[in-house]
Amino acid sequence: MTDADAPSFWKDMNVSSTFADNWPLSQTGWGIYGPGLRDLLIYTAQTYNNIPQYVTENGLAWEEKTVDDAVNDVMRQQYLYDHIEAVGEAITYGVNIKGYFVWSFQDNLEWGSGYQMHFGIIWIERPSL
């Protein structure tokens, strides 16, 4: 294999994203599909000699307008369940996963959208800021 044929970040970053019509969308408009994370982790392991992998900033932007919505946050619960399950499946497959980090602990300022989106597993009442 020549250097030109070798796997590299620069080749892999030139990907396109597609979403199936039946996938739910996050508030950012991104498709939600937990098995895609499993497939990506397996692809990375196969392509890069099973290097150690960390899943960072994995979370869901979802709008909760009230405390009740935040407490009964079924979409975020399902999102995290599906994605943590996908990581577990990748580990079972043999992928060298070293860590998984939810994005984020609490709501925060997002540079691209200000305080419009809720990412946190801890809901922040915005008017109290």
Side-chain angles (χ1 to χ4, degrees):
M1 177 181 332
T2 68
D3 285 345
D5 298 325
S8 75
F9 167 79
W10 300 109
K11 286 182 184 176
D12 285 348
M13 73 172 207
N14 196 18
V15 300
S16 61
S17 296
T18 58
F19 307 133
D21 292 338
N22 62 337
W23 292 357
L25 299 178
S26 71
Q27 190 178 358
T28 59
W30 301 341
I32 300 171
Y33 184 66
L37 176 58
R38 177 203 59 219
D39 297 346
L40 176 63
L41 295 169
I42 292 170
Y43 166 82
T44 303
Q46 291 173 339
T47 304
Y48 295 101
N49 198 26
N50 206 19
I51 60 171
Q53 296 185 62
Y54 294 83
V55 177
T56 62
E57 295 194 15
N58 184 247
L60 174 67
W62 199 253
E63 184 176 8
E64 304 93 6
K65 294 183 187 294
T66 68
V67 173
D68 287 339
D69 290 343
V71 169
N72 299 305
D73 193 359
V74 176
M75 283 298 293
R76 192 175 327 276
Q77 292 170 21
Q78 188 64 54
Y79 178 94
L80 291 173
Y81 179 90
D82 291 347
H83 287 77
I84 292 169
E85 180 180 54
V87 172
E89 290 170 356
I91 290 169
T92 299
Y93 186 84
V95 175
N96 188 9
I97 304 292
K98 295 295 187 181
Y100 173 89
F101 302 91
V102 174
W103 183 256
S104 73
F105 172 68
Q106 66 184 28
D107 290 335
N108 61 308
L109 172 70
E110 289 291 319
W111 290 109
S113 57
Y115 286 111
Q116 294 174 3
M117 297 180 189
H118 291 265
F119 276 94
I121 57 175
I122 304 298
W123 186 72
I124 302 297
E125 184 181 10
R126 301 291 168 77
S128 67
L129 293 177

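If you read the sequence from its start, that first residue is 1, and numbering goes on from there. All values derive from a computational prediction rather than experimental measurement.
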Separation between CG of Leu41 and CD1 of Ile97, rounded to the nearest 0.5 Å
4.0 Å
Can you check whether Leu80 reaches Tyr100 side chain to side chain, under 4.5 Å on heavy atoms?
yes
I need the full list of salt bridge (charged side-chain N to carboxylate O under 4.0 Å, His left out) pairs touching residues 70-88, with sequence neighbours left out, sorted by first then second residue.
Glu64-Arg76, Asp73-Arg76
Any idea which heavy atoms bring Ala86 and Leu37 closest together, and the distance?
CB-CB, 4.3 Å
Linking I/L/V/M/F/W/Y whenever their side-chain heavy atoms sit closer than 4.5 Å, directly or via other members, would Ile84 and Tyr93 fall into one cluster?
yes
Applying side chain to side chain contact (heavy atoms under 4.5 Å, CB included), run through His83 and Ile32 and close with a yes or a no.
CA-CA 9 Å; His83 287 77; Ile32 300 171; 4.3 Å; yes
Pairs meeting criterion salt bridge (charged side-chain N to carboxylate O under 4.0 Å, His left out) with involvement of residues 43-62, two or more places apart:
none
Rounded at 0.5 Å granularity, tell me how far NZ in Lys98 sits from CG in Asn96.
4.5 Å
Where does the angle between the aromatic ring planes of Trp103 and Phe119 fall among parallel (under 30°), tilted (30 to 60°) and perpendicular (over 60°)?
perpendicular
Can you measure from CG (Asp39) to OG1 (Thr44) and round to the nearest 0.5 angstrom?
10.5 Å
Residues Leu25 and Phe19: closest non-hydrogen pair is CD2-CD1, 4.4 Å
Transitively linked via ILVMFWY side-chain contacts under 4.5 Å: Val55 with Leu40?
no
Just verifying a value: how many Å separate Met75 CE and Leu60 CG, rounded to the nearest 0.5 Å?
6.0 Å
When rounded to the nearest 0.5 Å, the distance separating OH of Tyr81 from CD of Gln77 is 12.5 Å
How about Asn49: does its CG atom have over 12 heavy atoms from other parts shown lying under 6.0 Å from it?
no
Group every Ile, Leu, Val, Met, Phe, Trp and Tyr by side-chain heavy-atom contacts under 4.5 Å, then state whether Ile122 and Trp62 land in the same group.
yes
Nearest 0.5 angstrom please: Trp23 CH2 to Thr18 OG1, how far?
6.0 Å
Which atom pair, heavy atoms only, marks the closest approach of Ser26 to Ala61?
CB-O, 3.7 Å
